[in-house]
Protein chains: 2
Amino acid sequence: MANRRPTLETVAARAGVSRATVSRMINDQPVAPPSRRAVERAIAEVGYVPNQAARSLVTQRTGLIALVLPESSTRVFSDDQFFPRLIQGVSQELETADEQLVLMLAGSAASRDRIERSAVAGRVDGVMLASLHGTDPLAVALAKSGIPVVSNERVLGPVEVPSVGVDNRGGARAAVQQLIVSGRRRIATITGPSDMIAGMDRLDGYLDAIGDAQEPVVAAGDFTRTSGEVAMERLLSEEPGIDAVFAASDLMAEGALHVLRQSGSRVPGDMALVGFDDITRARYTEPPLTTVRQPIDGLGRHLASQLLHLISDGAVEPQLTLPTELVVRDSS
Amino acid sequence: MANRRPTLETVAARAGVSRATVSRMINDQPVAPPSRRAVERAIAEVGYVPNQAARSLVTQRTGLIALVLPESSTRVFSDDQFFPRLIQGVSQELETADEQLVLMLAGSAASRDRIERSAVAGRVDGVMLASLHGTDPLAVALAKSGIPVVSNERVLGPVEVPSVGVDNRGGARAAVQQLIVSGRRRIATITGPSDMIAGMDRLDGYLDAIGDAQEPVVAAGDFTRTSGEVAMERLLSEEPGIDAVFAASDLMAEGALHVLRQSGSRVPGDMALVGFDDITRARYTEPPLTTVRQPIDGLGRHLASQLLHLISDGAVEPQLTLPTELVVRDSS
DNA sequence: CTGAAAGCGCTTACAG
DNA sequence: CTGAAAGCGCTTACAG
């Protein structure tokens with residue numbers, strides 16, 4: 001067929017109108033019905049699709065949104081499905097806005113550099129940051145560059161970045177309270193990474209709930225299954241008095257459960273166990289795991305919608321917190 | 001600072017050279033040392049980053065590669081980590097080529113339409129297809145449009161699409177042969193979806209291995225854990241004579257294991273069990289699962305590199321098959 | 001509602 | 001090695 005893709009010019013000539021008229025049609029601006037019909041027909045006949053680069057050049061919009069993930073993050077490629085679910089939510093929202101998703105993994109220093117350049121080069125209309133650790137220099141640099149940025153957690157550092165998070169603290173508090181109400185006397189926690197908001201807030205929720213009732217018993221983890229195993233082993237040997245554990249992720253709870261089974265502890269008889277996330281497998285463990293459900297796809301959707309608002313209006317909630325929900329199963 | 005981003009013009013003026021010279025520098029073409037120094041300095045001083053849209057408009061290259069995933073695919077958002085690992089591999093390869101990844105989920109008819117238009121509109125330089133089912137019209141349409149396309153599985157339909165796959169058949173064959181060698185007499189299989197290459201090939205591998213030694217015993221599954229449970233229940237009630245099961249995915253093997261435990265069957269004593277994938281959890285099941293490892297990140301890397309070749313050279317292997325490897329643990 | 005024209009920010013023969 | 005100039009394919013005031 002045609003050797004090169006048809007342009008606006010092709011369509012205009014064929015329809016007997018100017019390029020401006022065709023352009024207006026494509027952009028849903030008013031066009032007289034007769035011209036409209038002629039143009040529609042010409043478009044269909046030649047199979048015209050507007051060239052995005054040319055459009056972007058004049059509109060300064062690319063129709064592209066970046067999702068930046070620190071590849072090193074334990075969560076990104078872990079078993080908890082955080083990453084795919086987040087993407088699912090984000091995609092759903094971007095779909096309605098006809099924006100497309102560019103995935104950028106910020107693993108190495110080189111890739112972080114590349115991401116920063118891309119963003120500054122106007123390659124994308126905005127950036128979503130997810131699961132950052134500590135005070136991330138990339139987050140700071142992007143925020144300072146003036147490109148619209150949102151984050152799934154409060155950004156630590158000398159910048160103001162709108163964030164959409166889940167109620168980590170409230171969820172953790174509810175989990176531990178349920179343990180207290182059901183009669184547990186000495187409750188330990190296995191924490192997430194101390195440099196992540198999710199890790200910090202879930203620990204704070206634990207501390208909120210136990211209050212002065214007991215001394216806090218804290219074992220450090222990093223959200224992974226292995227870290228849950230190690231922490232549980234430590235708790236068993238160093239804190240023989242505990243009768244309940246709140247693990248800040250389901251993966252860690254799974255690891256803890258494994259260790260408990262090995263050691264002959266009965267769950268929930270000898271030891272109650274609560275996780276956080278409500279991953280698919282939580283209902284399949286033995287016994288099924290009590291946990292705190294967080295709306296990851298909702299997080300993705302809100303993250304995207306906040307960013308889209310920021311891009312078009314410029315106005316947006318500085319901080320949005322989505323509710324979490326305690327799901328009681330058999331492990332507590 | 002500056003109100004608008006600096007352009008080539010800005011840099012050229014500041015360095016006292018023409019725009020062409022600056023452009024050549026950016027594109028690594030020869031430039032006399034004195035000019036070079038002046039330009040480098042000007043770039044640094046104004047913080048110049050080339051505008052990608054303008055570049056794309058003239059070069060007809062976007063630096064963007066699409067990864068298209070049918071959202072409905074059981075594998076995309078399943079627990080087997082296929083999706084994140086594939087992306088990891090793809091990203092790694094694209095990184096070296098300085099291309100960026102656009103993720104397109106082909107869930108609805110609308111999104112498929114959008115994907116096709118995007119590709120045709122030259123929004124991306126090429127497309128990777130993953131985990132398609134049956135004869136996918138989108139795959140066919142993309143291939144026909146002339147845009148470079150590769151797929152992670154052989155594409156069924158009236159088009160020629162270069163593919164990069166794993167040796168599903170050989171892996172399945174090896175798994176079943178090991179069962180035979182270890183003395184199992186009546187081996188069943190739980191299959192993947194019959195409209196996916198991975199499902200079809202693993203079944204063929206099973207059939208290869210049992211040959212005429214026994215009647216095939218086949219229970220249909222769709223790679224998910226639940227389908228593995230259902231299939232195992234059916235096998236237990238309808239095929240009491242079996243002493244081994246080859247499940248075409250680890251998730252299905254996990255489901256089967258669960259059912260076996262419930263029913264009091266001992267693994268591997270009463271029933272040997274082999275999976276496929278070697279997901280992280282395979283080594284944590286009770287007993288640890290014998291399985292066939294497939295190199296998912298390698299798949300991603302090769303998929304990307306094949307596409308990059310196709311885009312630049314136009315030449316590429318029509319079909320690449322990566323080896324799989326039997327990992328013997330305790331379940332068989 | 002419509003068209004002529006300028007301009008978005010680059011790259012690339014072409015001539016020197 | 002370098003510059004002047006054309007051109008990539010759109011959108012958008014501007015004037016009518």
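A note on names: the letters A, B, ... follow the listed sequences, proteins ahead of strands, and every chain is numbered from 1. What you see is a predicted model, and the numbers here were worked out from it, not measured in a lab.
Straight-line distance between the P atoms of C:dA6 and C:dT2: roughly 22 Å, to the nearest whole Å. Taking the P atom of each, D:dC14 and D:dC10 are spaced 24 Å apart, rounded to whole Å.
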Next on the checklist: I'd like to compare against my own output: the B/S/- annotation of nucleotides 10-16 of chain C with a strict under-4.0 Å heavy-atom distance to protein.
Outcome noted: BBBB---
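Backbone-only engagement by B:S35 is indicated by non-hydrogen atom pairs under 4.0 Å involving sugar-phosphate atoms exclusively.
At a threshold of 4.0 Å, the pair B:E160-B:R154 does not count as salt-bridged, since none of the basic side-chain nitrogens sits closer than that to a carboxylate oxygen. By the 4.0 Å N-to-carboxylate-O rule, A:E45 lies close enough to A:R41 to be salt-bridged with it. Classification of B:R85 and B:D297 as a salt-bridged pair fails, no side-chain N sitting under 4.0 Å from a carboxylate O.
Of all heavy-atom pairs between B:N51 and A:Q60, the closest is ND2-OE1, 4.4 Å. Taking each heavy atom of B:I296 and B:L86 in turn, the nearest pair found is CG2-N, 3.6 Å.
Residues A:Q100 and B:S118 have side chains that bring a donor and an acceptor to within less than 3.5 angstrom of each other. Side chains of A:S56 and A:Q52: a donor-acceptor N/O pair is present below 3.5 angstrom, by distance only.
Where B:L57 and B:P30 each meet DNA chain D at their nearest nucleotide, the meeting point lying more 5' is that of B:P30.
Base pairing in DNA chain D gives the following stems of 3 or more Watson-Crick or G-U pairs, range against range and under 3.5 Å: C:1-3 with D:14-16, C:5-12 with D:5-12, C:14-16 with D:1-3.
Partners of B:D195 according to the side-chain contact (heavy atoms from CB on, under 4.5 Å) rule, which considers only residues two or more places apart in sequence or in another chain, are B:H133, B:P193.
OP1 or OP2 of D:dG3 lies within a sub-4.0 Å distance of a side-chain N or O belonging to B:T21.
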